[in-house]
Number of protein chains: 2
Amino acid sequence: MSGRKARRPAAVRPPATRRARAERVEEILDAARALFCEKGYAQTAVSEIAARVGVVEGLVFKYFPSKRALLLEVLVHWYDTLFDDCSRELATLATPTERLRRVIERHLGAIAANPLLCRLMFLEVRSEHDYHGSALHARNRRYTELLVGVLAQGISDGSFRSDLPLPLLRDLVYGGIEHLSWNYLCGRGALDVDSLATQLVSLVLDGLRVPAAAPPATRRATRRPTTVVADSGVPRR
Amino acid sequence: MSGRKARRPAAVRPPATRRARAERVEEILDAARALFCEKGYAQTAVSEIAARVGVVEGLVFKYFPSKRALLLEVLVHWYDTLFDDCSRELATLATPTERLRRVIERHLGAIAANPLLCRLMFLEVRSEHDYHGSALHARNRRYTELLVGVLAQGISDGSFRSDLPLPLLRDLVYGGIEHLSWNYLCGRGALDVDSLATQLVSLVLDGLRVPAAAPPATRRATRRPTTVVADSGVPRR
DNA sequence: AGCTTAAGTGAGTCCGCCTCACTTTTGTGC
DNA sequence: GCACAAAAGTGAGGCGGACTCACTTAAGCT
């Protein structure tokens with residue numbers, strides 16, 4: 001008997017060293033994050049996550065109700081740090097223009113720094129119905145509200161035009177950035193954060209900025225016959 | 001034996017009526033499209049698709065190598081009609097501004113008309129590695145090139161500024177629209193195609209337009225604060 | 001009518017998420 | 001120290017869904 005026990009046949013995994021719940025949860029989250037990034041969500045089996053931690057598959061389900069809950073939790077952690085970093089930086093800047101530039105730059109930077117997590121967020125998470133109303137959804141909203149806040153400040157202090165709904169602007173920026181970085185997220189090509197940020201800001205601002213120099217008296221009255229609205233599109237049909 | 005065959009016990013499905021390959025493929029595609037839209041891709045079992053067609057599960061795999069190939073094929077069909085419609089309409093319009101407005105409006109219209117297929121496209125398809133280089137990818141590129149062509153025309157005839165890369169503009173528009181319609185795609189809220197198109201065009205154009213009348217030196221500086229659609233009844237949120 | 005070809009079948013295999021009854025360890029009160 | 005409750009950990013197995021394959025059967029051709 002002592003012989004059997006002593007040489008511990010290689011095929012049989014020794015039972016995991018016992019950990020406190022919080023520690024195990026942390027370990028599992030780390031392993032899950034790593035594997036999801038390496039192979040993608042669908043391609044990662046829960047049994048692999050468990051194996052990397054050194055426990056048995058069933059234990060993972062004692063701490064997380066489902067594989068998907070594990071994914072959401074991984075991303076919640078990430079969003080928390082993202083939000084903290086970004087809002088801390090914003091606090092150091094004054095003008096809406098600077099702040100706009102910084103939000104865009106930081107967002108691109110986050111993508112560049114963590115493309116695999118972004119991929120998970122963009123691709124796997126929002127697809128399912130359980131996202132809306134989840135804790136992760138709340139974090140995402142809190143994060144994107146940083147941009148909305150900047151825009152609102154710019155509007156209220158007169159630097160930005162006020163006739164476009166904030167959600168439209170928010171969606172254009174975040175959606176545009178997402179599309180822009182698509183190839184990068186899929187492992188093709190690079191992401192030039194700086195020049196992209198410059199170009200984006202230029203495009204958005206030239207649609208937003210109210211040039212201070214314009215004489216107020218002529219603001220509306222002398223509007224060009226370039227028929228801004230008519231031409232650009234009041235729907236004919 | 002005639003007795004056994006005649007009363008055909010209800011539990012046993014009679015063998016499917018024989019069809020030509022092309023017909024069956026069509027039937028399967030239709031059923032798959034319907035079910036994917038109803039329940040989502042992951043939630044639809046191939047056996048359900050087969051059942052709706054009235055054949056056995058294995059047959060589906062005789063015509064499509066995998067469930068996913070079936071999904072891609074469904075979307076290829078759809079993109080083909082989308083492209084045809086859109087390019088036909090564009091041919092009737094002359095100025096870049098009109099055409100830009102129309103492309104955006106049509107794209108929003110496509111989303112409004114077929115939110116469930118769009119959802120599939122946005123959510124399920126692009127996530128996996130097999131998309132890049134697929135037939136569907138080619139259709140998608142062909143479709144989005146419609147916008148790029150419009151922009152290029154505008155740049156070459158001097159209506160649009162030329163210092164921003166076309167892909168950036170393309171991604172901003174399509175990515176922005178995608179984000180904008182997110183709630184709608186998830187079955188929440190409505191999609192006001194017309195006013196959204198107007199707002200988008202206004203935002204994009206005010207970043208694009210090179211005011212014809214202004215002297216080159218002061219080109220952008222003297223641009224008017226035109227609050228373009230300020231009073232056009234656009235929802236203010 | 002025979003023969004070839006392709007449509008169609010259904011019984012399986014494999015794999016991954018998740019469950020559960022059970023064992024082992026830890027720490028706490030006595 | 002020791003009994004005992006609570007929590008960590010186990011592993012066998014259910015279940016469902018994607019995919020396979022050897023086989024049967026109908027249709028068209030000569």
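Naming convention: chains lettered A, B, ... in sequence-line order (proteins, then strands); numbering from 1 in each chain. The structure displayed is predicted, hence computed values, not measured ones.
Whole-Å rounding puts the Glu23(B) CD to dA27(D) C1' distance at 13 Å. In this structure, Ile49(B) places its CD1 atom 11 Å from P of dC19(D), rounding to the nearest Å. Between the P atom of dA18(D) and the CG atom of Asp130(B) lies a distance of 16 Å, rounded to the nearest Å. Residue Leu71(A) contributes atom CG, which lies 15 Å from atom C1' of dC17(C) at whole-angstrom precision. Across the protein-nucleic acid pair, Ile28(B) atom CD1 and dG8(C) atom C1' stand 11 Å apart, rounded to whole Å. With rounding to whole Å, Phe64(B) atom CZ is found 15 Å from dT20(D) atom P. Straight-line distance from the CZ atom of Phe36(A) to the C1' atom of dG16(C): 13 Å, rounded to whole Å.
Interatomic distance, Arg141(B) CZ to Leu136(B) CG, rounded to the nearest 0.5 Å: 12.5 Å. With rounding to the nearest 0.5 Å, the separation of CD in Glu89(B) from CZ in Arg99(B) is 11.5 Å. Between the CD1 atom of Ile111(A) and the OG atom of Ser181(A) there is a distance of 3.5 Å, given to the nearest 0.5 Å. Going from atom CG of Leu205(B) over to atom CG of Leu200(B) covers 10.5 Å, rounded to the nearest 0.5 Å. Interatomic distance, CG of Leu35(A) versus CG of Leu70(A), reported as 10.0 Å (0.5 Å rounding).
The shortest distance between the side-chain N/O atoms of Arg24(A) and the OP1/OP2 oxygens of dG9(D) is below 4.0 Å.
Applying the salt bridge (Lys or Arg N to Asp or Glu O under 4.0 Å) rule to pairs touching residues 178-200 of chain A yields Arg101(A)-Asp194(A), Arg126(A)-Glu178(A), sequence neighbours excluded. Applying the salt bridge (Lys or Arg N to Asp or Glu O under 4.0 Å) rule to pairs touching residues 28-41 of chain B yields Glu38(B)-Arg52(B), Lys39(B)-Glu48(B), sequence neighbours excluded. For residues 53-72 of chain B, the side-chain hydrogen bond (donor to acceptor under 3.5 Å, both in side chains) pairs, not counting sequence neighbours, are Arg68(B)-Asp130(B).
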Q) What does nucleotides 24-29 of chain C look like as a protein-contact string, B for base, S for sugar-phosphate only, - for none, at under 4.0 angstrom between heavy atoms? A) BBS---
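Backbone-only engagement by Tyr63(B) is indicated by non-hydrogen atom pairs under 4.0 Å involving sugar-phosphate atoms exclusively.
Counting only heavy atoms from C-beta on, Arg21(A) has its side chain closest to dA8(D) among dA8(D), dG9(D), dA18(D).
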Just the atom pairs and distances: protein N or O near nucleotides 18-22 of chain C's N or O, under 3.5 Å.
{"residue": "dC18(C)", "atom": "OP2", "partner": "Lys67(A)", "partner atom": "N", "Å": "2.7"}
{"residue": "dC18(C)", "atom": "N4", "partner": "Glu57(A)", "partner atom": "OE1", "Å": "3.2"}
{"residue": "dC18(C)", "atom": "N4", "partner": "Glu57(A)", "partner atom": "OE2", "Å": "3.4"}

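Partners of His107(B) under the ring-ring contact (aromatic ring centres under 6.0 Å, His included) rule, at least two apart in sequence or in another chain, are Tyr143(B), Tyr174(B).
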